[in-house]
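For reference, the structure is listed below as structure tokens.
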2 protein chains.
Amino acid sequence: MSLAHAILGLLQQEERTGYDLKTSCFNQTVAHLWPADQAQIYRTLDKLVEQGWISCTVKIQRDRPNRKVYSVTASGKAELTRWLQCSQPLPIVRDPLLIQLYFADQLPNAAIIQLLEQQLIARREKLAECENIELPMLNDKSASRDQVMQRLVLELAIQREKTYIDWLKTGIDIISCQKEE
Amino acid sequence: MSLAHAILGLLQQEERTGYDLKTSCFNQTVAHLWPADQAQIYRTLDKLVEQGWISCTVKIQRDRPNRKVYSVTASGKAELTRWLQCSQPLPIVRDPLLIQLYFADQLPNAAIIQLLEQQLIARREKLAECENIELPMLNDKSASRDQVMQRLVLELAIQREKTYIDWLKTGIDIISCQKEE
DNA sequence: TGTTAATATATGATTAATCAAATATAAGAT
DNA sequence: ATCTTATATTTGATTAATCATATATTAACA
């Protein structure tokens, strides 16, 4: 499961709590790669401990509730390195809009265009989110190795949105010219 | 759930059995929009009958096992029309390769490139599959309304693969030039 | 003093999807 | 005669993800 390995990767960057993972990773950049909710994160942490891939230390805090800080064990590090080299299957995409459009011939043009316009808004918002993430450009020679990797990932996310946006615009044009019924 | 509505749409095109849905829809074009396995299809058919959106007639066959043929009811047709006009959320994409790349700074360049090369092969295969689907082009004026919709959907699938392929090529170039460690 | 917000973790229930396998009929091939 | 293939449906088990909610501590605010 990739979520487990994503968490392993994040904990290898630095030790964190479940709360940290949620608020500073899975609510931020990682949300674009592998969204995960809080319940799943805490449960996956439990599984990783069971597996022996991470270990937990309770940090007592005076001013706030105590934290369970997790860090990667030697065996966890080995597992991550192993997994990082395994070829993974293509992701499965299930896009409700495509199903709608596939059967949209029975809708009036205006209704179809409304669907596409709404997606266009949502996609533009997502593109803006991705473009707001600050990372050195691919041609920036001062970028560290991990920044290059992260920028590369971000570039796909951005390109993906741009492709979708272009396609939506084409779709709107095409439908506008269609004879109804 | 979109699977239910996809099935509703397919049954509105013509009455079909679970087997038909699997072999001539979910193994073919629809596989690129909304993959579904056989167990899920049959179970969803049961749910749709319970809802009263489709009805079932058993067709006795002499030469082959009997078929349960499903067709859309009036209430099913209404439900489909309703659903087709509801704005749907953006699909959630979880791509394991992006997680790998995000943490790939600890891998040697050759290992990263191997990951990307393998995805490139898989993506090219998928692109070829999409391009093999026969549908009139968007500028073809003899195309029927439903063919236009289906071509539009296919165009996104194709563009999506092309975007991914371009990105993979860029990625391979960038990683090749990276200093290791 | 009581309320809300932020920090922090845990659990129950449900849905959607996947995997595996069982069952049955008949045609066609070896 | 047996094996395979295609047709056709059903069920059990499990995983991954989501949703809702519960619990606890402290700070800040009104």
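Keep in mind it's a predicted model, so treat the numbers as computed, not measured. Residue numbers begin at 1 in each chain, while the letters A, B, ... track the order of the sequences. In what follows, every heavy atom counts, from backbone to side chain, and hydrogens, waters and symmetry copies are set aside.
- Atoms CG and CD1, on A:L8 and A:I54 in that order, are 7.5 Å from each other to the nearest 0.5 Å.
- Counting to the nearest Å, the P atom of D:dT10 and the CG atom of B:L45 are 9 Å from each other.
- Residue B:T17 has a polar side-chain atom (N or O) positioned under 4.0 Å from OP1 or OP2 of D:dT9.
- In this structure, OH of B:Y70 is placed 10 Å from C1' of D:dT10, rounded to the nearest angstrom.
- When the side-chain nitrogen and oxygen atoms of A:K68 are compared with OP1 and OP2 of C:dA10, one or more of them lie within a distance under 4.0 Å.
- At the phosphate of D:dA8, OP1 or OP2 sits under 4.0 Å from a side-chain N or O atom of B:R67.
- A donor-acceptor distance shorter than 3.5 angstrom exists from the side chain of B:Q85 to the backbone of B:T81, with no hydrogens or angles considered.
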Assess whether side chain to side chain contact (heavy atoms under 4.5 Å, CB included) is satisfied between B:D105 and A:Q150, documenting all intermediate values. CA-CA 9 Å; B:D105 56 287; A:Q150 289 176 26; 6.0 Å; no

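- Electrostatic pairing of B:E14 and B:R16 counts as a salt bridge here, judged by a charged N lying under 4.0 Å from a carboxylate O.
- At the phosphate of C:dA8, OP1 or OP2 sits under 4.0 Å from a side-chain N or O atom of A:Q61.
- With rounding to whole Å, B:R16 atom CZ is found 17 Å from D:dT7 atom C1'.
- Atom-to-atom, CD1 of B:I60 to P of C:dT25 comes out at 14 Å; the value is rounded to the nearest Å.
- The pair A:K59-A:E15 counts as a salt bridge, with a side-chain nitrogen and a carboxylate oxygen less than 4.0 angstrom apart.
- At least one donor-acceptor pair under 3.5 Å links the side chain of A:T73 to the backbone N or O of A:W53.
- Per the geometry, OH belonging to B:Y19 stands 18 Å off P belonging to C:dA24, to the nearest Å.
- When rounded to the nearest whole Å, the span between CD1 of B:I7 and P of D:dT9 equals 13 Å.
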The contact string for nucleotides 11-20 of chain C, one letter per nucleotide 5' to 3', using protein heavy atoms under 4.0 Å with B, S and - for base, sugar-phosphate only and none, comes out as BBB--SSBBB

